[in-house]
Amino acid sequence: MLLLGAVLLLHWGMLTWLSDEIRAPKQLAKLADPMFTRIIEPTKAPEPLAASLARPPSVARPKPPKKVTPTAMAVAPLTEAVAVASPPKAESNPPPETTPPSAEPTPPAAPDLPVAEPGPPQDTWPPDTRLTYRLTGNYRGELNGSARVQWQQVPAPDGQPESRRYQVRLDMSLSNMVVASMTSQGKITEAGLLPEVYEEKLPGAVRRVDFEDTQIRFNNGRVDVRPTTVQDTASQFVELSHRFATGVDTLKAGAEVRVWLARPGGLDFWTYDVLAPEILQTPTLGPIEAFQLKPRPLANPRGPIIAEMWFAPSLQYLPVRVRIALGGDNFVDLMVERIEQSERPPAAQAEEKKAVDPS
């Protein structure tokens, strides 16, 4: 009997282990740093909206959704470092704050966003890029540090453009010690970035979001329906930059930019107003014209924390500044210092030359 019990216990343990392995979330595959071969300097654009990425794809200019609930962008405490949205105020039948892990996904409260029209694969995404920022601010005293956003493409093993993958990593450091790290990995598609897993590491905590085909699984076990165009905290920087560079979204004063964003705490629909261009005095790149994306006021704010972003047409529409208001006199300000890139693949260079000189 003892032997039979031991055998049954061993079988139960093996089945439990296999079950856990089957349901285990996707793991992040850490990538080695790419080789950066050039420093990016501001270019002279004939007009503020001149794209600095060659050959924009053919896109349908999106029409604003008929009914969109204004939302706003907030951020978690300083250690979380980047924006976190508050839930929008739905016009009726708002989804519950939490859903048991076993419950069916809850439909999103706002419509999905228009995307580019289908077309032949085009390499409009930037090559491997690293943006280094100077971090200043105040939070229980003066803050000084650095931050970086790094974008990498993973070549498709079969050589097909639709099989390409990406990684976006955001690190923030104080006193030469990383206090927050956010990583997004997924696929590159004609409709935009398609995140598969997002992970953020904070002091004493690791949180993640798993993006499945039709739903999103959050850190607390909640499950929501997946909007087609959803992004995460890290991927949004590259996704928005690409939208502006290719004309899917217009970067001009008075425009609106809308984006689904999934973070470990839940899914939210954000709306940003594009303000008039202003000149930023950067530490090493000199004066740069940039457009500010300002989040609309929160319908039901969780706190006083709000983040704003600035994108520069003369620097490939990259995010050159991020300012996080923490309430009162507390804030964190990231200002670009250096932009490094690798060389574009030969095929992409040929496409760029063809786009510039059709003859």
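Counting from 1, the numbers follow the sequence of the chain as shown. All values reported here derive from a predicted model rather than from experimental measurement.
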Minimal non-hydrogen separation, [X] against [Y], with atom names:
X: Ser235; Y: Tyr166; answer: CB-OH, 3.9 Å
X: Gln152; Y: Asp128; answer: CA-OD1, 3.2 Å
X: Leu135; Y: Ser173; answer: CD1-O, 4.2 Å
X: Phe291; Y: Pro277; answer: CE2-CD, 3.5 Å
X: Ala262; Y: Ile216; answer: CB-CD1, 4.1 Å
X: Tyr317; Y: Ala245; answer: CD1-CA, 3.8 Å

Could you measure the distance from the [atom1] atom of [X] to the [atom2] atom of [Y]? Nearest 0.5 Å is fine.
X: Ile188; Y: Glu190; atom1: CD1; atom2: CD; value: 10.5 Å
X: Leu143; Y: Asp333; atom1: CG; atom2: CG; value: 11.0 Å
X: Leu293; Y: Asp273; atom1: CG; atom2: CG; value: 8.5 Å
X: Ile288; Y: Met335; atom1: CD1; atom2: CE; value: 8.5 Å
X: Thr246; Y: Trp125; atom1: OG1; atom2: CH2; value: 7.5 Å
X: Ser181; Y: Glu200; atom1: OG; atom2: CD; value: 9.5 Å

Same apolar cluster (I L V M F W Y, side chains within < 4.5 Å links), [X]/[Y]:
X: Trp260; Y: Met309; result: yes
X: Leu280; Y: Leu240; result: yes
X: Leu194; Y: Val225; result: no
X: Val154; Y: Phe36; result: no

Is there side-chain contact between [X] and [Y], with at least one heavy-atom pair below 4.5 Å?
X: Glu239; Y: Val168; value: no
X: Val197; Y: Val209; value: no
X: Pro319; Y: Phe237; value: yes
X: Phe218; Y: Leu267; value: yes
X: Ile339; Y: Ile39; value: no
X: Lys201; Y: Thr183; value: no
X: Val259; Y: Thr229; value: no
X: Ser184; Y: Val238; value: no

Any side-chain donor near an acceptor of the partner, [X] and [Y], under 3.5 Å:
X: Arg130; Y: Gln150; result: yes
X: Trp310; Y: Glu278; result: yes
X: Arg338; Y: Thr284; result: no
X: Glu196; Y: Gln185; result: no
X: Glu212; Y: Gln215; result: yes
X: Asn138; Y: Asp329; result: no

Gln231 and Leu193: CA distance, side-chain angles, deciding distance, side-chain contact (heavy atoms from CB on, under 4.5 Å) verdict: CA-CA 7 Å; Gln231 299 299 316; Leu193 298 183; 3.7 Å; yes
Is a side-chain N or O of Ser175 found less than 3.5 angstrom from the main chain of Met177, in a donor-acceptor match? no
Would you find a donor on one side and an acceptor on the other, under 3.5 Å apart, between the side chain of Asn219 and the backbone of Arg208? yes
Would you say CG of Asp33 has more than 12 non-hydrogen atoms from neighbouring residues, nucleotides or ligands within 6.0 angstrom? yes
Is the number of heavy atoms from other residues, nucleotides or ligands within 6.0 Å of CG (Asn144) greater than 12?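 Above 12, so yes.
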When you check the gap from the basic side-chain N to the acidic O, do [X] and [Y] get nearer than 4.0 Å?
X: Asp171; Y: Arg148; result: yes
X: Arg226; Y: Asp213; result: no
X: Asp210; Y: Arg217; result: no

Pair Thr129, Gln341 - check side-chain hydrogen bond (donor to acceptor under 3.5 Å, both in side chains), show working. CA-CA 4 Å; Thr129 304; Gln341 280 188 339; 3.1 Å; yes
Among Glu199, Met182, Arg263, side chain to side chain contact (heavy atoms under 4.5 Å, CB included) partner for Arg207: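 The option that passes is Arg263.
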Do Val230 and Leu261 pass the side-chain contact (heavy atoms from CB on, under 4.5 Å) test, and can you show the C-alpha distance, the side-chain angles, and the key distance before you say yes or no? CA-CA 6 Å; Val230 68; Leu261 195 66; 6.0 Å; no
Using the rule given for side-chain contact (heavy atoms from CB on, under 4.5 Å), can you reason through Val332 versus Leu334, listing the C-alpha separation, both sets of side-chain angles and the distance that settles it, and then say yes or no? CA-CA 7 Å; Val332 174; Leu334 309 181; 4.1 Å; yes
Ring of Phe331, cation from Arg323 - is the NZ or CZ under 6.0 Å from the centre and inside 45° of the axis?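 So Arg323 does make the cation-pi contact.
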Ring-ring centroid check Phe311 Phe244, cutoff 6.0 Å: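 Yes, close enough.
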Pair Glu343, Thr37 - check side-chain hydrogen bond (donor to acceptor under 3.5 Å, both in side chains), show working. CA-CA 7 Å; Glu343 295 294 333; Thr37 59; 3.2 Å; yes
Give the C-alpha distance, both sets of side-chain angles, the deciding distance and a yes or no for side-chain contact (heavy atoms from CB on, under 4.5 Å) between Gln153 and Trp151. CA-CA 7 Å; Gln153 293 193 49; Trp151 150 266; 3.5 Å; yes
Could you walk me through whether Arg296 and Glu256 pass the salt bridge (charged side-chain N to carboxylate O under 4.0 Å, His left out) check? CA-CA 10 Å; Arg296 292 184 177 178; Glu256 297 176 357; 2.4 Å; yes
